[in-house]
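Worksheet: the structure to be examined is printed underneath.
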2 protein chains.
Amino acid sequence: MSDINLNSLKSLLIFKTLYETGTATRTARDLGITQSGVSRSLAQLEENIGIALFMRHKKRLIALPEADELYGEILGLLSNLENMKHSIVALREFGASRIRIACAPALGFAYVPKTIARILSDNPKYSVYLDIMPSPEVVRAVEAGYFDVGFVTLPVTSQALVVDELIATEAVCLMPRNHSLAKASVITTEDLKGQHLVIPNQPNLAADQLLLHLSEKNIRIAGKTEANIAAICSLVANGVGITLINPITAYDHQATRDDLLIKPFKPAFHYRFGLVYKQNWANNRLIGLLKEMLPELPDHLVAERLKD
Amino acid sequence: MSDINLNSLKSLLIFKTLYETGTATRTARDLGITQSGVSRSLAQLEENIGIALFMRHKKRLIALPEADELYGEILGLLSNLENMKHSIVALREFGASRIRIACAPALGFAYVPKTIARILSDNPKYSVYLDIMPSPEVVRAVEAGYFDVGFVTLPVTSQALVVDELIATEAVCLMPRNHSLAKASVITTEDLKGQHLVIPNQPNLAADQLLLHLSEKNIRIAGKTEANIAAICSLVANGVGITLINPITAYDHQATRDDLLIKPFKPAFHYRFGLVYKQNWANNRLIGLLKEMLPELPDHLVAERLKD
DNA sequence: TTATTTGATGATTTATAGTCATGTTATAAC
DNA sequence: GTTATAACATGACTATAAATCATCAAATAA
């Protein structure tokens with residue numbers, strides 16, 4: 001008597017139709033059941049919620065004020081339910097349509113946004129949430145469930161996540177168009193002698209390798225500026241110095257300004273980027289799209305072993 | 001496969017708990033059912049909506065991205081349902097909690113609003129909708145279902161509605177405090193000779209009776225002003241003339257200004273007010289309250305036969 | 001290796017929802 | 001007044017859906 005049991009939405013639907021049509025017979029016909037079924041359903045609903053909803057007067061069902069109010073409530077609930085059904089259809093059709101992406105800075109400012117834009121132009125239904133953070137934080141955020149997938153600089157060590165390698169490239173040298181090295185076709189470690197270097201302030205495998213290499217070869221640079229990766233290109237363009245940087249970031253920035261030059265660099269410092277996610281996302285359509293829709297890199301930037 | 005059958009909310013609740021607890025065993029314990037029931041319910045839900053929600057991996061259930069989204073949807077739906085249950089409990093406790101009241105002007109500006117205020121101060125849960133219109137329109141509006149109850153001037157003829165008589169009073173004479181008749185203790189028809197009368201412009205039994213009576217007795221008045229009942233008292237207070245009016249309106253207005261006098265009038269012109277509503281509201285609690293909570297009238301205003 | 005935990009499944013029971021046949025009451029038609 | 005029609009209720013029955021029991025298989029912890 002006291003606790004309301006609304007597991008069966010059917011009785012609510014029958015009530016709603018009854019309220020709208022006014023007679024049990026008509027309701028039964030509309031819903032494709034029998035009149036006695038409607039009568040029973042109503043009686044049971046009233047018993048269940050402990051409220052008389054219709055007055056039985058001269059063999060007619062007359063809606064009581066309580067029925068008016070319940071009807072209003074039910075309209076809301078049923079429309080909510082209808083929305084959910086639509087969402088389910090969409091889910092079935094397109095799979096999960098929301099993805100939270102954490103992205104390392106190297107890819108986060110243009111490369112991944114470009115990818116997302118491509119996906120969304122084909123499938124406007126998806127919702128995307130994108131944030132940029134250093135690779136180690138990306139890994140932690142995905143492990144913790146704050147994000148669904150992460151773009152990271154490889155290698156990463158995480159036994160909880162699936163790691164797909166996506167891109168392998170070699171560092172390139174970025175310099176102002178009017179730089180003294182502008183005519184060289186390839187830049188080497190030797191060329192850096194006496195130069196001012198601009199390097200990322202985040203721990204960075206390639207930059208570390210470079211500095212180690214310079215010290216091994218006993219090459220002295222004029223000085224260095226450490227900066228956030230988003231600011232490096234601007235520093236270079238303004239003549240602060242030259243930088244060794246992953247080619248994706250380099251091309252992303254060069255595309256928006258004409259005062260920068262990109263040069264190959266020897267020896268090769270490798271950058272590898274990948275996607276990390278939990279096992280349960282393995283067969284997800286959005287993950288698939290993220291991999292498929294990555295912009296092509298200029299051929300000469302792709303490391304040999306990924307070219308096949 | 002294609003049409004979604006969500007008659008059973010139970011499966012949604014089981015899914016929700018499963019999503020939250022992470023294991024079917026725990027879910028079963030929490031919900032007081034068996035583990036096999038949970039397993040079956042989930043399998044059936046997935047089959048029903050055509051979406052895999054959990055990945056079965058090493059005898060564990062791992063939520064898929066689709067489950068994340070469905071969970072969000074279900075939270076909304078279930079909170080909606082919870083609200084509805086609360087509404088139902090309130091309905092059971094207090095009956096229908098919304099009432100639409102149509103009211104004749106005589107009672108609509110102060111008497112009924114005062115009643116409503118009393119009811120709401122005791123039971124803030126109720127929602128009230130109040131409108132003012134002439135008695136015949138009140139009757140039609142209630143018959144048509146646009147309003148739940150109506151306060152009307154009696155008599156009314158409607159076989160579709162229940163009519164409860166609430167108040168029987170006699171017309172009183174309202175005049176400015178500085179009027180020449182201000183010293184009389186009782187006003188009679190004779191006293192109206194040569195006076196300017198202010199009367200309601202709506203068809204009105206008492207006013208009609210008065211005019212008939214005056215013409216029968218061959219009493220000539222100086223002139224008359226017909227006005228909306230809401231404006232009559234202001235006209236009187238400003239010296240336009242005197243009026244014969246129902247005592248409720250008279251006292252309502254006199255209470256807010258000190259330049260008006262109320263005098264008994266002979267012979268008696270009766271006013272009767274009543275409540276009209278459809279049969280299905282007969283036992284409604286709000287109707288009962290409306291009757292109970294009417295402000296007391298000063299004793300001398302109540303007609304003899306209602307005094308008991 | 002053993003004990004424990006987890007989810008899945010066949011067989012069975014239980015509970016629910018609905019039908020059928022019929023009854024009663026009211027209204028409309030003749 | 002009689003008859004036909006239409007409304008809702010109800011006892012008895014049935015089909016369907018839901019849950020259980022008992023048991024299995026896989027994984028993990030002791």
Side-chain angles (χ1 to χ4, degrees), chain A residues 1 3-64 66-67 74 159-160 278-280, chain B residues 1 3-64 67 159-160 278-280:
Chain A
M1 177 57 147
D3 56 335
I4 297 158
N5 167 358
L6 285 180
N7 292 328
S8 163
L9 284 180
K10 222 167 202 168
S11 63
L12 294 188
L13 178 63
I14 291 175
F15 165 82
K16 170 171 173 280
T17 314
L18 176 55
Y19 184 90
E20 288 166 347
T21 64
T23 84
T25 310
R26 178 105 210 282
T27 301
R29 186 154 42 78
D30 287 9
L31 296 179
I33 57 178
T34 61
Q35 173 269 319
S36 43
V38 174
S39 179
R40 277 218 152 65
S41 171
L42 175 64
Q44 188 200 321
L45 179 65
E46 289 182 317
E47 159 72 26
N48 181 9
I49 66 178
I51 300 174
L53 295 169
F54 284 82
M55 187 172 55
R56 278 70 171 175
H57 184 64
K58 303 189 177 188
K59 285 281 151 182
R60 293 293 139 100
L61 293 171
I62 300 164
L64 291 169
E66 284 80 2
I74 286 179
Q159 60 278 56
K278 286 191 182 168
Q279 178 61 41
N280 60 339
Chain B
M1 179 56 147
D3 57 335
I4 297 158
N5 168 1
L6 286 179
N7 292 327
S8 164
L9 284 181
K10 220 167 203 167
S11 63
L12 295 189
L13 177 63
I14 291 175
F15 165 80
K16 170 172 172 280
T17 314
L18 176 55
Y19 184 90
E20 288 165 347
T21 64
T23 85
T25 310
R26 179 105 210 282
T27 301
R29 185 154 42 77
D30 286 8
L31 296 180
I33 57 179
T34 60
Q35 174 269 320
S36 44
V38 173
S39 178
R40 278 213 152 69
S41 171
L42 174 65
Q44 188 201 326
L45 178 65
E46 290 181 317
E47 158 73 26
N48 182 10
I49 67 178
I51 301 174
L53 296 170
F54 284 82
M55 187 173 54
R56 278 73 170 172
H57 185 63
K58 302 189 178 189
K59 283 280 154 181
R60 293 292 138 102
L61 293 170
I62 299 163
L64 292 168
Q159 60 277 55
K278 286 192 182 167
Q279 178 61 41
N280 59 341

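Here is the naming used below: chain letters follow the sequence lines, and residue numbers restart at 1 for every chain. These values consider heavy atoms only, across backbone and side chains, with no hydrogens, waters or symmetry-generated copies.
For DNA chain D, the span of nucleotides reached by chain A at under 4.0 Å from its heavy atoms goes, 5' to 3', from D:dA7 to D:dA12.
Of all non-hydrogen atoms in B:Ile14 and B:Ser41, the two that sit nearest each other are CD1-OG, 3.5 Å.
Applying the ring pair (Phe, Tyr, Trp, His ring centres under 6.0 Å) test to every pair with at least one member in residues 8-49 of chain A, sequence neighbours left out, gives these pairs: A:Phe15-A:Phe54, A:Tyr19-A:Tyr71. Annotation: ring pair (Phe, Tyr, Trp, His ring centres under 6.0 Å) contacts involving residues 24-49 of chain A, sequence neighbours excluded, are absent.
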Taking protein heavy atoms under 4.0 Å as touching, what does nucleotides 4-16 of chain C look like 5' to 3' if B marks base contact, S marks sugar-phosphate-only contact and - marks none? --BBBBBB-----
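Taking the side-chain contact (heavy atoms from CB on, under 4.5 Å) definition, one finds that B:Ala43 meets it with nothing, sequence neighbours left out. Under the rule for a salt bridge (charged side-chain N to carboxylate O under 4.0 Å, His left out), the partners of A:Glu46 that lie at least two apart in sequence or sit in another chain are A:Arg56. Scanning for side-chain contact (heavy atoms from CB on, under 4.5 Å) contacts around B:Gln279 gives A:Met55, B:Val162, B:Ala282, with sequence neighbours left out. Applying the side-chain contact (heavy atoms from CB on, under 4.5 Å) rule to A:Arg26 yields the partners A:Thr21, A:Thr23, A:Arg29, A:Asp30; only residues at least two apart in sequence or on another chain are considered. Annotation: side-chain contact (heavy atoms from CB on, under 4.5 Å) contacts of A:Lys278 (sequence neighbours excluded): A:Leu161, A:Asn280.
The side chain of A:Lys58 places no N or O atom within less than 4.0 Å of a non-bridging phosphate oxygen (OP1 or OP2) of C:dT24.
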